[in-house]
Each structure stands twice: as structure tokens, then as C-alpha cells.
Amino acid sequence: MSEMNVQNPFIVGKYLSDSYFCDRENETEFLRKQIVNGRNVALISPRRIGKSGLIQHFFHQQDIQENYYLFFVDIYATTSLGEFVYTLGKEIFEQLKPQPTAWKEKFFQIISSFRIGCKLDPYTGVPTLDIGLGDIQTPTTSLDEIFTYINEADKPCVIAIDEFQQIGEYAEKNVEALLRTKIQQCNKVQFIFSGSKRHIMSNMFNSPSKPFYQSAISMGLEPLPMDVYSDFAIRLFEERSRKLEREVVETIWQRYDGYTWFVQMMMNELFALTPDGGTCLPPMIPIARKNVIMSQEGSYKDLLSNLPPKQKMVLQAIAKEGIAQNITSGKFIKKYNLNSASTVQSAVKLLLNNDLVTKTDTGYRVYDFFLSDWLATIY
Ligand SMILES: Nc1ncnc2c1ncn2[C@@H]1O[C@H](COP(=O)(O)OP(=O)(O)OP(=O)(O)O)[C@@H](O)[C@H]1O
Ligand SMILES: [Mg+2]
């Protein structure tokens with residue numbers, strides 16, 4: 001999508017450019033300072049606040065683009081070292097492909113375990129990488145080769161590993177130590193490790209017994225301040241000859257605690273509902289809310305159909321409460337016909353683990369605000 005034909009300026013799920021990205025100036029500066037001074041960063045914040053967006057934004061800074069090779073891998077869906085190596089190797093190849101450097105030419109020479117995937121485009125003669133997971137026979141060898149290759153780069157590199165906590169779930173048990181050793185030996189690359197499981201991430205980087213102890217500067221990410229986000233939203237409306245009442249965007253920000261993804265989803269829909277030349281007013285909020293929730297309904301139904309009945313009941317009970325306190329009390333159990341305190345306890349543990357429920361200072365809530373609404377009012 002080129003910038004010219006962006007109809008709706010509230011972009012969700014990808015990074016387009018500076019113009020559609022709100023603030024994060026201090027955070028970008030902080031990242032720049034760490035990277036330029038040769039430090040790794042551990043970026044830790046709850047889901048949907050904007051970690052991946054911030055990294056993309058940082059990677060779009062002109063000086064960073066000019067001075068570094070930039071690689072971004074999301075390892076959320078990976079379950080083994082083999083998949084990790086596959087994902088990283090592919091990203092490096094794809095990023096370098098359009099860049100005319102001598103370093104690029106050495107890719108298959110040094111990463112010989114990927115050579116099997118080297119195909120020449122029959123029309124252009126340009127090498128492409130056509131590799132399958134099964135082609136990674138010995139992941140540790142491939143990992144060695146990748147790091148050897150990076151060490152020969154003609155510019156420093158930044159590798160961002162998104163959802164880094166996932167390496168703790170790999171089938172192999174020594175991945176943390178293995179990676180740490182590789183990273184220490186490689187002086188050409190700085191890392192940004194980002195993750196949303198605060199507990200696991202903090203443990204990885206801040207506990208003395210762990211391989212990554214003190215190997216990165218920790219950085220948290222807070223929601224965008226309400227006034228900053230409101231100014232941003234009002235500007236985006238104005239640039240497209242529409243008006244947005246401040247009260248609307250402030251209501252949205254407050255309802256979703258400033259969690260960027262939910263706020264952006266709502267603003268995207270509110271923008272769509274506002275006619276050209278028109279004004280976005282408070283009565284449009286419930287309509288937008290309903291539309292957004294309905295647009296997610298398919299995935300919510302899928303999610304529920306895969307959830308064991310006990311977890312489903314507890315999830316809905318929490319949704320109906322909004323913020324649920326004393327969930328193992330007789331009162332709560334009776335009100336929602338739940339089996340027993342121990343059933344609730346074990347269900348909540350699993351729901352927390354799977355990011356469906358989160359624990360706040362005031363109690364438990366369903367993590368996804370839209371799912372919560374849907375469970376409480378429509379399902
Ligand atoms: N500063 C910003 N301005 C505008 N939109 C943003 C900003 N930061 C993030 N977004 C948008 O908000 C949504 C959520 O952000 P993002 O995916 O970066 O969050 P995350 O913390 O990585 O979430 P997750 O933990 O689920 O991966 C995305 O659709 C992104 O486009
Ligand atoms: Mg993310």
C-alpha cells in the first residue's frame with residue numbers, strides 16, 4: 001500500500017510511516033542511544049501497547065537505516081531451535097536481497113547449510129532462497145554459520161527478536177545459554193529483545209543464575225499519553241477534511257486504558273463512520289464499538305470452540321464482572337455456577353498463561369477488551 005492511497009489513516013497491524021505513527025520520540029531516542037553505544041536492549045511491556053510498532057519505527061529512522069543492517073524476526077510461532085535458525089536465516093537473506101553488497105554475495109558460501117535452498121530465478125538469474133524447515137538438519141551448525149556470517153558484515157547489524165520469551169518454550173533446553181554464548185562472541189551485532197511476558201522476560205535478564213543476566217538494558221513501554229494521542233487523532237481527521245471532537249477520543253482512550261491496539265481499532269472504525277467533511281461525535285461510539293466487536297466475532301467463536309469448558313465458564317464469568325475480585329470466593333462461584341474454588345484456580349492459571357486473562361492491581365480481567373465485551377453482552 002503506498003501512502004497516496006491510504007484512505008483510513010488509523011493504521012492497525014503494520015507500520016507505514018512517520019505520519020501515521022504517534023509520538024514515541026523519547027522511546028526512539030532511548031533506543032538510538034543504547035544501540036549507538038553498543039548496548040543490547042530488552043523491551044518489556046504488556047501486549048498491544050506498541051512494542052513491535054516502536055521497533056519498526058526505530059528501524060525507519062534515516063540514520064539507523066544508513067548506518068546499520070536491520071533485521072526483525074518475530075519468533076512467537078517458533079517452537080524449536082531449528083525454527084529459530086530458519087526464521088533468522090530467511091530474514092537476513094530477504095533483507096539483504098535488494099542490497100548490492102559484497103557481503104551479500106557470501107551468504108550461501110558461509111551459511112552452507114542453507115545452500116540447498118539456493119535457487120536461481122529462471123528469468124532474472126537472481127538467487128532466491130527456497131528452504132523448508134526440514135532442510136535445517138543440524139540447527140546448531142546453522143546457527144554457528146549465521147553468526148560467522150554476521151561477523152563478516154561490512155556494517156554493524158541490529159537484530160530485533162520479537163516475542164523473545166518464546167525461546168524458553170523450545171524443545172531443546174539449552175537455547176538460552178547457547179544464544180548467549182553466540183551473542184557474546186559476535187561484536188558486529190546489537191540485539192533488541194522484546195517480549196510481553198513480563199515475568200519470564202524479567203527473569204531472563206535480571207536473575208543472576210540466567211545466561212542473559214545483565215546482558216541488556218531493560219526498557220518498559222507505557223501507553224501513549226491521552227493528550228498526545230488525542231492531538232494525533234484530531235490531526236489525522238483534520239488532514240482528511242473531517243473533524244473529531246476531543247471528547248470522543250478521550251472517551252475511547254479511557255475505556256481501553258490507552259492500550260494502543262484497541263484505541264487504534266476504534267479510531268479506525270470511527271473514522272470510517274464519519275462522512276467526508278463531517279464531524280465525529282460521541283453518539284457514534286456505541287456503533288463503532290459494536291462494528292469492531294462483530295468484525296472479531298469469527299475469531300472469538302474459534303477461540304471458544306478450542307477452549308475447555310471449565311476455562312470457558314471462568315472466562316465468561318470474569319468478562320461479566322469486568323474486573324473480577326475474589327474469584328475463588330463462595331459468592332463468585334455461586335453467582336456463575338462454577339464448580340469449586342480449585343476448579344476456578346486451575347482454570348485461571350491456564351487463562352493467564354495463554355494471555356486470555358490478565359491480573360491488574362484491582363483484580364482479574366479478560367485481556368482483550370473487545371472479547372470481554374462480546375462475552376459479557378453478545379455471546
Ligand atoms: N505510536 C503508535 N502510533 C500509532 N499506532 C501505533 C503506535 N504504536 C503501535 N501502534 C499500532 O497499535 C497496534 C499494536 O501495536 P504493536 O503490535 O506494536 O503492539 P505490541 O506491543 O507489539 O503487541 P503484541 O504484544 O500483541 O505483539 C498495531 O496495530 C500498531 O500499528
Ligand atoms: Mg508485537
Side-chain angles (χ1 to χ4, degrees), residues 1 3 6 8-31 41-61 71-78 87 91 159-167 169 192-202 218-237 239-240 244 249 252-253 256-272 292 295-296 299 303 352-358 366-371:
M1 184 165 47
E3 280 203 38
V6 176
N8 192 319
F10 294 91
I11 312 289
V12 183
K14 57 178 169 287
Y15 183 87
L16 219 54
S17 79
D18 224 17
S19 334
Y20 306 102
F21 195 75
C22 176
D23 188 45
R24 296 299 188 204
E25 284 178 23
N26 292 338
E27 292 85 349
T28 305
E29 210 33 61
F30 184 88
L31 274 178
V41 178
L43 175 59
I44 307 168
S45 89
R47 299 205 55 197
R48 305 279 165 103
I49 291 271
K51 291 180 297 299
S52 308
L54 173 63
I55 297 172
Q56 305 273 14
H57 184 61
F58 177 63
F59 278 11
H60 276 79
Q61 304 297 303
F71 307 108
F72 182 102
V73 286
D74 180 345
I75 62 165
Y76 190 72
T78 61
T87 310
E91 165 67 7
I159 300 181
I161 307 180
D162 207 3
E163 307 293 353
F164 185 65
Q165 73 261 340
Q166 188 62 23
I167 67 161
E169 306 282 318
I192 300 173
F193 307 103
S194 88
S196 47
K197 302 224 163 152
R198 188 183 297 264
H199 181 69
I200 308 178
M201 287 288 285
S202 297
S218 284
M219 169 182 185
L221 199 60
E222 298 293 321
L224 291 155
M226 184 169 80
D227 55 335
V228 173
Y229 184 82
S230 302
D231 290 347
F232 164 79
I234 290 168
R235 168 174 68 78
L236 292 184
F237 269 72
E239 284 171 1
R240 284 171 173 70
L244 168 63
V249 55
I252 300 296
W253 192 98
Y256 302 106
D257 287 346
Y259 276 57
T260 318
W261 185 78
F262 301 95
V263 175
Q264 282 278 110
M265 284 288 283
M266 284 294 292
M267 292 314 303
N268 178 291
E269 181 62 19
L270 283 163
F271 181 88
V292 170
S295 74
Q296 304 292 311
S299 69
L303 190 151
L352 282 168
N353 269 345
N354 292 325
D355 282 337
L356 286 169
V357 164
T358 181
V366 173
Y367 184 78
D368 180 330
F369 292 98
F370 300 141
L371 171 62

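Order of appearance sets the numbers: ligands from 1, and atoms from 1 within every ligand. All values below come from the heavy atoms of this structure, side chains included, with hydrogens, waters and symmetry mates left out.
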Protein contact to atom 11 (C) of ligand 1 [nearest heavy atom, distance to 0.1 Å]: T260 CG2, 4.1 Å
Can you name the nearest heavy-atom pair linking R198 to I44, along with the distance? CA-CG2, 3.8 Å
Pair F58 + F30: ring centers closer than 6.0 Å: no
Would you mind listing which atoms of ligand 1 come within a distance below 4.0 Å of any non-hydrogen atom of Y20? 4 (C)
Which residue owns the protein heavy atom closest to atom 15 (O) of ligand 1, what's the atom, and how far is it? G50 CA, 3.5 Å
Could you please tell me which protein N, O or S atoms lie under 2.8 Å from the Mg ion (ligand 2)? S52 OG
For Q56, state whether at least one heavy atom is located under 4.0 Å from any atom of ligand 1. no
Could you tell me the residue and atom name of the protein heavy atom closest to atom 2 (C) of ligand 1, and the distance to it rounded to 0.1 Å? F21 CE1, 3.3 Å
Using a heavy-atom cut-off of under 4.0 Å, does the side chain or the backbone of R48 touch ligand 1, or both, or neither? both
At a 4.0 Å threshold, what atoms of ligand 1 neighbour a non-hydrogen atom of G53? 18 (O)
Quick one: look up the protein heavy atom nearest atom 3 (N) of ligand 1 and list residue, atom name and how far away it is. C22 N, 2.8 Å
Salt bridge (Lys or Arg N to Asp or Glu O under 4.0 Å): which pairs involve residues 220-237, sequence neighbours left out? D231-R246, R235-E239
closest protein heavy atom to atom 14 (C) of ligand 1 is W261 CB, 3.7 Å
Which atoms from ligand 1 have a heavy atom of V12 less than 4.0 Å away? 29 (O)
For ligand 1, does E163 get within less than 4.0 Å through its side chain, its backbone, both, or neither, judged by non-hydrogen atoms? side chain
Under a 4.0 Å heavy-atom limit, does I11 contact ligand 1 with its side chain, its backbone, both, or neither? backbone
Counting from 1, what ligand 1 atoms have a heavy atom of G13 closer than 4.0 Å? 28 (C), 29 (O), 31 (O)
re atom 17 (O) of ligand 1, the protein heavy-atom contact at minimum distance is S52 CB, 4.2 Å
